[in-house]
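One structure is given below, encoded as structure tokens.
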Amino acid sequence: AGNFWQSSHYQEWLLDKQYVDLYRAEDLKFLTEEEFQKLMVFFANFIQAIGEKLVVRQQVIATATIYSKRFYARYSLRCVDPWLLCPTALFLASKVEEFGVLSSKGLIAMCQSIVKSKHHHLLPDQEFPYNVTNIQECEFLLLEVLDCSLVVYHPYRSLALFIEDLQTQDSSFSQEVFPVAWKVINDSLRTDACLHYPPYLIALAGIHIACLVCGKDAQAWFAELSVDLDKVLEIVRLLLNLYELLKGFDERNQMPAIMEKMPRPKQDLTVPDNGDGQA
């Protein structure tokens, strides 16, 4: 899928907010909207931590995070425990992004290590509860839910092309704006932006915020773009809401109560029909 507009990402996985809200309603019987957002931030951070410790590329981490967000856009947390789904998503993403297959034993060992050092207080037995067989079973389930639509387009490539264009106006953009925009794009994975907007719009939102942070004026450049700037500003608002949420997010003290409320699976790995024909 070399063309985004012909890809399954565009045709199948840019979802209406009302659609996501409909399926999220099941989890919001147990969690407030803010608690759900904090939970998703926590598990995105968990994927990031595993990926960094295993020294995988950021694109692999981003793909894994999007896989997990796509799963929970269509199914409740009670279908698959995020503690299991998140490392499974990284395991699958490493294959799809041609990074090289991660060792499933090494992946489990890293999860155990991270949980022991940082998150033991959040799990009943104070240790990571899953094994290699669980990861393999969950991978089949994740493939089924994703309907084998595994190629994910990311904003990083668009970012590089936009910055290259901006460089013609100001050569400092690559040194100053680019690294800040890259970080903003990574932050966008803690929002629902990847479920609703094409990656090039997320890249533009990253540049917009980076220009504000760096004190750069790119208004004339933005005005010449043939894009829906209202959509860009919607993504900017999503990101600003995230930063506001993070200001009051004390992970160590708040996560135990959120985990206590989180709906959990009560049976083996099977995904029920969610009513729209999805298996």
Check: Can you find a heavy atom in the side chain of D165 that is under 4.5 Å from one in the side chain of W221?
Finding: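 Heavy-atom side-chain distance check passes, below 4.5 Å.
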
Item checked: Heavy-atom side-chain contact between R70 and L15 under 4.5 Å ->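 No - every pair of side-chain heavy atoms lies 4.5 Å or more apart.
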
Next item on the list: Return each pair, listed once, that meets ring pair (Phe, Tyr, Trp, His ring centres under 6.0 Å) where at least one residue sits in residues 225-265; pairs must be two or more places apart or across chains.
Entry: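 Counting only pairs at least two positions apart or across chains, no ring pair (Phe, Tyr, Trp, His ring centres under 6.0 Å) contact touches residues 225-265.
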
Next item on the list: Apply side chain to side chain donor-acceptor pair (under 3.5 Å) to E12 and S149, showing your working.
Entry: CA-CA 8 Å; E12 298 173 32; S149 301; 3.1 Å; yes

Notebook entry, point to check: Ion pair present between K183 and D187, side-chain N to carboxylate O less than 4.0 angstrom?
Noted result: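 Looking at D187 together with K183, the answer is no, because their closest N to O distance does not fall below 4.0 Å.
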
Checklist line | With sequence neighbours excluded, residues passing salt bridge (charged side-chain N to carboxylate O under 4.0 Å, His left out) with D170 | finding: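 Here the qualifying residues are K216.
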
Check: With a 6.0 Å cut-off on ring centres, are Y19 and Y23 close enough?
Finding: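 Ring-ring flag for Y19/Y23: true, centres closer than 6.0 Å.
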
Notebook entry, point to check: Under 6.0 Å between the ring centres of W83 and Y130?
Noted result: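 So the answer is no for these two rings.
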
Margin query: Looking at K116, I'd like to know if its NZ atom is crowded, meaning that more than 12 non-hydrogen atoms belonging to other residues, nucleotides or ligands lie closer than 6.0 Å.
Written below: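 Not more than 12 within 6.0 Å, no.
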
Hey, can you pull the donor-acceptor pairs under 3.5 Å for the side chains in residues 34-55, sequence neighbours left out?
from: E34; atom 1: OE2; to: K38; atom 2: NZ; distance (Å): 2.9
from: E35; atom 1: OE1; to: T32; atom 2: N; distance (Å): 2.9
from: E35; atom 1: OE1; to: T32; atom 2: OG1; distance (Å): 3.4
from: E35; atom 1: OE1; to: K261; atom 2: NZ; distance (Å): 2.7
from: E35; atom 1: OE2; to: K261; atom 2: NZ; distance (Å): 3.0
from: Q37; atom 1: NE2; to: E33; atom 2: OE2; distance (Å): 3.4
from: K38; atom 1: NZ; to: Q254; atom 2: OE1; distance (Å): 2.7
from: N45; atom 1: OD1; to: R190; atom 2: NE; distance (Å): 3.0
from: N45; atom 1: OD1; to: R190; atom 2: NH2; distance (Å): 3.0
from: N45; atom 1: ND2; to: V41; atom 2: O; distance (Å): 3.4
from: Q48; atom 1: NE2; to: E52; atom 2: OE2; distance (Å): 3.0
from: Q48; atom 1: NE2; to: Q58; atom 2: OE1; distance (Å): 3.0

Item checked: Check: E97/T63 side-chain N/O donor and acceptor closer than 3.5 Å ->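 The answer is yes; a qualifying pair exists.
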
Check: Are R74 and W13 in a cation-pi setup, meaning NZ or CZ lies under 6.0 angstrom from the ring centre and within 45 degrees of the ring axis?
Finding: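 Yes, cation above the ring, under 6.0 Å and within 45°.
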
